[in-house]
Amino acid sequence: QVQLSESGGGLVQAGDSLRLTCAASGRTFSWYLVAWFRQAPGKERKSVAAISWSGNTTSYTESVKGRFTVSRDNAKNTVYLQLNSLKPEDTAVYHCAAVAVLGHAYLPAPKDVNYWGQGTQVTVSS
């Protein structure tokens, strides 16, 4: 069993930065790929960044490449998402998610997820 809790969201202006934190409980957290999903009102929930269980590989959706960085500290059971150069279209609820898979990072679909966090709101004003 893994429990996830996000923090760090907020209201910022375009061009600003935020760092989201996903804190996990559970001894086997380091065996999971962790992805960040986002969901804007009226839109599907989609993964935007992911990091492999080892932290050695990452994957990003095209729209956030070069602006978002995902990292993890397995000793602290924590995954981070650094959001830079934020745009209004980044506004969404951001969820972290754990996927029971080893190997390289990839962007999972919602159906692949074993555990979800409750989400944190990110709002970017223009």
Listing request: all disulfide (SG to SG under 2.5 Å) pairs with a residue in [range], at least two apart in sequence or in separate chains.
range	answer
residues 26-61	none
residues 41-84	none
residues 35-78	none
residues 57-93	none

Run the side chain to side chain contact (heavy atoms under 4.5 Å, CB included) test against [X] and tell me which residues pass, sequence neighbours left out.
X	value
A50	L33, A35, L107, P108
S71	Y80
S5	Q118
K87	R67, E89, D90

Among the clusters formed by ILVMFWY side chains lying less than 4.5 Å apart, do [X] and [Y] turn up in the same one?
X	Y	answer
W36	V2	yes
V64	L86	yes
Y60	V124	yes
Y115	V79	yes

Checking [X] side chain against [Y] main chain: does a donor-acceptor pair fall under 3.5 Å?
X	Y	result
S54	N56	yes
T78	K76	yes
E6	G119	yes

Rounded distance [0.5 Å steps], [atom1] in [X] versus [atom2] in [Y]:
X	Y	atom1	atom2	result
L102	S52	CG	OG	9.5 Å
F68	S85	CZ	OG	9.5 Å
Y32	N114	OH	CG	6.0 Å
N74	I51	CG	CD1	8.0 Å

Can you name the residues that form a salt bridge (charged side-chain N to carboxylate O under 4.0 Å, His left out) with E44, not counting sequence neighbours? none

With sequence neighbours left out, the residues meeting salt bridge (charged side-chain N to carboxylate O under 4.0 Å, His left out) with K46 are none

So which of V70, L83, T61 actually passes side-chain contact (heavy atoms from CB on, under 4.5 Å) with V48? T61

Identify each donor-acceptor pair in which a side-chain atom of residues 8-26 lies under 3.5 Å from a protein atom, sequence neighbours left out, and give them as a table.
residue	atom	partner	partner atom	Å
D16	OD2	Q13	N	3.1
S17	OG	N84	OD1	2.9

Can you pull the side chain to side chain donor-acceptor pair (under 3.5 Å) pairs that have at least one residue in residues 91-110, sequence neighbours excluded? R38-Y94, R45-H95

So that I know where these two stand, are W53 and F29 an aromatic pair - ring centroids less than 6.0 Å apart? no

W116, CH2: over 12 other non-hydrogen atoms inside 6.0 angstrom: yes

